[in-house]
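Data first, discussion second: the structure below is written as structure tokens.
In listed order, ligands and their atoms are each counted from 1.
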Amino acid sequence: MNTNTNTSAGAPRSGRNVVVVGTQWGDEGKGKLVDWLTESAQGVVRFHGGHNAGHTLVINGVKTALHLVPSGIMREGVTCYIGNGVVLSIAKLMEEVAGLEAAGVTVRERLRVSEACPLILPQQVFLDLAREAFRERAGSGKIGTTGRGIGPAYEDKVARRALRVQDLLHPERVASRLREQIELYNHTLQYLHAGDVSVPAELQAFVHRGQLQYEPILAEAKRQADWIKPMVADVSAEVNAAHRRGENLLFEGAQGALLDVDHGTYPYVTSSNCVAGNAAAGSGVGPSLLHYVLGITKAYCTRVGSGPFPTELDWETPGTPGYHMSTVGAEKGVTTGRARRCGWFDAALLKRSAQINGLTGLCITKLDVLDGLDKVQICVGYQQPNGQQLDMLPMGANEIQACEPIYEVLDGWSESTVGVTQYDKLPINARKYLERIEQVCGVPIAAVSTSPDRDHTILRHQPFQCQV
Ligand code: IMP
């Protein structure tokens with residue numbers, strides 16, 4: 001059922017809008033929830049990040065991994081918007097769209113791309129790789145980026161030298177801006193000894209002995225321009241107009257709040273604001289249009305890449321709870337295939353996340369992964385080296401590194417929760433676990449996901465109908 005956009009009297013009304021964000025370090029299962037919630041929405045908007053994101057959907061047993069295309073694409077009739085806050089690799093978008101269209105999903109007719117998106121071309125990707133290699137050689141510690149050019153693309157944006165989607169409609173602008181960028185990048189690449197960096201196959205046509213090649217990159221930009229033209233839009237104007245028509249909109253966050261460039265575990269973060277407030281700036285709507293913020297939260301914690309993780313467990317030794325999470329939860333990154341680090345649920349971290357996102361409700365995902373554990377633990381605060389206790393995650397990597405978690409131990413449950421769709425059908429200990437999380441974090445649980453399948457979800461309140 002696609003919820004109607006008109007009142008019963010038939011008079012048009014403004015739509016209700018929901019923001020979906022990850023509350024931990026990403027990979028909380030946002031894609032499934034966005035797809036599921038779009039039953040009640042007519043539009044889905046991506047507002048930050050790029051193809052570093054990886055959202056997996058399972059529909060009728062068939063798995064689809066999306067990186068750039070908003071997860072609403074799997075529902076016919078839903079318009080998908082890529083907002084100005086996204087850094088866009090058109091090459092990757094072309095690949096993703098081709099895959100979806102080959103599987104019978106109509107995409108290009110329903111996809112609108114902001115003319116203000118900064119572009120990711122080969123130079124941003126290669127610089128990302130060369131920087132990480134340099135940091136590793138210098139022993140200064142890799143960020144563990146996804147190697148997709150995300151950081152350099154955001155740097156170009158704030159340095160006001162980015163090529164944006166709208167520039168592609170003006171070949172002369174592309175030629176001059178690109179030349180300027182490549183000169184600058186080549187200087188930096190020389191300093192980084194990029195000649196020693198192994199060049200992935202997809203970049204080989206654009207890099208020679210560690211230096212970027214202007215002509216092939218220009219030709220690539222032209223190829224991309226022809227493809228993207230029909231989808232280029234004033235997304236801000238279109239999204240605002242959709243809202244005025246009474247459409248419900250869903251704003252789809254990527255990554256997670258603790259990877260936010262300001263509020264996360266800096267410097268081990270991504271380069272965009274992942275918090276809910278950026279749904280407004282990253283798509284061109286006013287903050288008063290964000291009516292409900294749903295925080296997607298895994299029933300335990302995971303993280304890919306480097307950086308502090310107070311409740312991290314040994315997740316490599318068979319027989320340990322961490323290994324259980326890693327294997328039963330199939331904790332491998334969708335984008336890079338890297339193993340995710342695993343640990344206990346951190347309610348003190350979630351308090352920080354609730355604060356910086358203004359969460360209205362939580363959706364707890366992967367509860368079923370904890371089935372069969374004898375005991376489950378919740379971190380409720382941290383012991384500091386100076387003897388003080390904190391009940392909320394502090395700011396910054398060094399400060400977090402110094403935190404020793406304080407745990408509450410609860411009884412686990414042996415029954416399977418896979419596919420449960422009613423809250424009162426959950427084992428009593430699973431309910432106690434969820435209710436303790438709710439209590440410590442101070443945010444009500446709106447939904448619980450009990451398997452990757454679209455339909456295996458317990459709904460306690462519907463974000464689109466919740467008047468808060
Ligand atoms: P970048 O976003 O590629 O610059 O990577 C910076 C950090 O964010 C690294 O630790 C990545 O592993 C992490 N990261 C980026 N995107 C995601 C995601 O979608 N899920 C989880 N971690 C991510």
Self-check item: Gap between atom OH of Y191 and atom CZ of F134 - 0.5 Å precision
Solution: 4.0 Å

Quiz item: Would the number of heavy atoms belonging to other residues, nucleotides or ligands and lying under 6.0 Å from OH of Y266 be above 12?
Solution: no

Quiz item: Hey, does A53 sit under 4.0 Å from ligand 1 if you only count heavy atoms?
Solution: yes

Quiz item: When you look for heavy atoms under 4.0 Å from ligand 1, do you find them on the side chain of Y268, its backbone, both, or neither?
Solution: neither

Practice problem: Give the atoms of ligand 1, by number and element, whose distance to some non-hydrogen atom of R338 is under 4.0 Å. | Solution: 11 (C), 12 (O)

Quiz item: Do the two ring centres, one from F47 and one from Y81, sit under 6.0 Å apart?
Solution: no

Quiz item: Would you call E408 and R436 a salt bridge, taking side-chain N to carboxylate O under 4.0 Å as the test?
Solution: yes

Quiz item: Counting only heavy atoms not in E404, do more than 12 fall under 6.0 Å of its CD?
Solution: no

Exercise. Calculate, to the nearest 0.5 Å, the distance between atoms CZ and CG belonging to R460 and L434 respectively.
Key: 7.5 Å

Exercise. Can you figure out which of H55, Q255, H67 has its heavy atom closest to atom 17 (C) of ligand 1?
Key: Q255

Quiz item: To which protein heavy atom is atom 7 (C) of ligand 1 closest, and what is the distance rounded to 0.1 Å?
Solution: V269 O, 3.9 Å

Quiz item: Heavy atom under 4.0 Å from ligand 1: found in T145's side chain, backbone, both, or neither?
Solution: both

Practice problem: Report, in ascending order of atom number, the atoms of ligand 1 lying under 4.0 Å from any heavy atom of G144. | Solution: 9 (C), 10 (O), 11 (C), 12 (O)

Quiz item: When you check the gap from the basic side-chain N to the acidic O, do E331 and K366 get nearer than 4.0 Å?
Solution: yes

Quiz item: Which of the atoms in ligand 1, numbered in the order shown and given with their element, are less than 4.0 Å from a heavy-atom of I143?
Solution: 10 (O)

Exercise. Please name the pair of heavy atoms, one in L294 and one in L362, separated by the smallest distance, quoted to 0.1 Å.
Key: CD1-C, 3.9 Å

Quiz item: Nearest protein heavy-atom contact for atom 21 (C) of ligand 1: which residue, which atom, what distance?
Solution: D27 OD2, 3.1 Å

Quiz item: Can you find a pair of side-chain heavy atoms, one from L100 and one from T64, that are under 4.5 Å apart?
Solution: yes

Self-check item: Of the listed options N52, T270, L258, L259, closest to atom 14 (N) of ligand 1 (non-hydrogen atoms)
Solution: L259

Quiz item: Considering only heavy atoms of V304, which atoms of ligand 1 have at least one such atom less than 4.0 Å away?
Solution: 10 (O), 12 (O), 21 (C), 22 (N)

Self-check item: Protein heavy-atom partner closest to atom 3 (O) of ligand 1 - residue, atom, separation in Å
Solution: T146 OG1, 2.5 Å

Quiz item: What part of D128, side chain, backbone, both or neither, has a heavy atom within less than 4.0 angstrom of ligand 1?
Solution: neither

Quiz item: Hey, which atoms in ligand 1 end up nearer than 4.0 Å to a heavy atom of W25?
Solution: 21 (C), 22 (N)

